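All figures in this text were calculated on a predicted structure; none of them were measured in a lab.
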Amino acid sequence: MPSVLGLMELREARARQELESWTEVLEQAQAEVDAARERVGRARVGREELVSALGMPRLLPAGGGWVKPPSSRGIFTPRLLGGQGPHVVQGAAVHVVG
């Protein structure tokens, strides 16, 4: 049985090396995720600062797209952050409806 034991030890050593390799890949990926989250945060803050400096309300597309009520005839209705709305966009101005 020494040969079986030797094979099992080799198998364990290979599995350990593979685990270490995947752990390294995971750590690198986590570092990339952290960096991407930081970039998203900085971009969000920058956008909010620009919107604030321009005196515009903070618009948020609802459900990944603009909300268009059935009676709008092509006028899109974005929602303000915090769930306020609806608001109708006409040209560059935003008018509160209702």
Side-chain angles (χ1 to χ4, degrees):
M1 290 264 189
S3 61
V4 173
L5 183 57
L7 290 174
M8 294 300 288
E9 287 173 350
L10 284 174
R11 181 178 174 193
E12 181 183 355
R14 281 191 219 126
R16 184 168 284 123
Q17 287 175 342
E18 185 177 357
L19 175 62
E20 289 171 2
S21 175
W22 280 112
T23 301
E24 184 178 326
V25 169
L26 179 61
E27 289 169 354
Q28 291 171 352
Q30 186 60 52
E32 292 293 326
V33 167
D34 293 343
R37 282 189 177 132
E38 188 175 323
R39 288 190 302 273
V40 167
R42 285 195 310 261
R44 180 184 46 78
V45 168
R47 178 185 47 80
E48 289 175 355
E49 288 174 352
L50 178 61
V51 165
S52 178
L54 294 174
M56 298 172 57
R58 296 180 182 138
L59 299 177
L60 177 69
W66 297 105
V67 176
K68 182 179 176 185
S71 63
S72 70
R73 297 184 192 182
I75 300 172
F76 291 93
T77 308
R79 299 191 190 283
L80 288 179
L81 290 175
Q84 300 169 355
H87 297 78
V88 177
V89 176
Q90 295 177 340
V94 176
H95 304 281
V96 177
V97 176

Can I get a per-line list of side-chain donor-acceptor pairs under 3.5 Å for residues 30-42, giving both atom names and the distance, sequence neighbours left out?
unit_1: Gln30; atom_1: NE2; unit_2: Asp34; atom_2: OD1; d: 3.0
unit_1: Glu38; atom_1: OE2; unit_2: Arg42; atom_2: NH1; d: 2.7

Salt bridge (charged side-chain N to carboxylate O under 4.0 Å, His left out) between Glu12 and Arg16, worked out: CA-CA 6 Å; Glu12 181 183 355; Arg16 184 168 284 123; 3.1 Å; yes

Across all chains, not counting sequence neighbours, the side chain to side chain contact (heavy atoms under 4.5 Å, CB included) partners of Arg44 are Arg47, Glu48

Criterion side-chain contact (heavy atoms from CB on, under 4.5 Å) on Arg11 and Leu7, from CA distance to verdict: CA-CA 6 Å; Arg11 181 178 174 193; Leu7 290 174; over 6 Å; no

For Thr23, which residues count as a side chain to side chain contact (heavy atoms under 4.5 Å, CB included) partner, sequence neighbours excluded? Leu19, Glu27

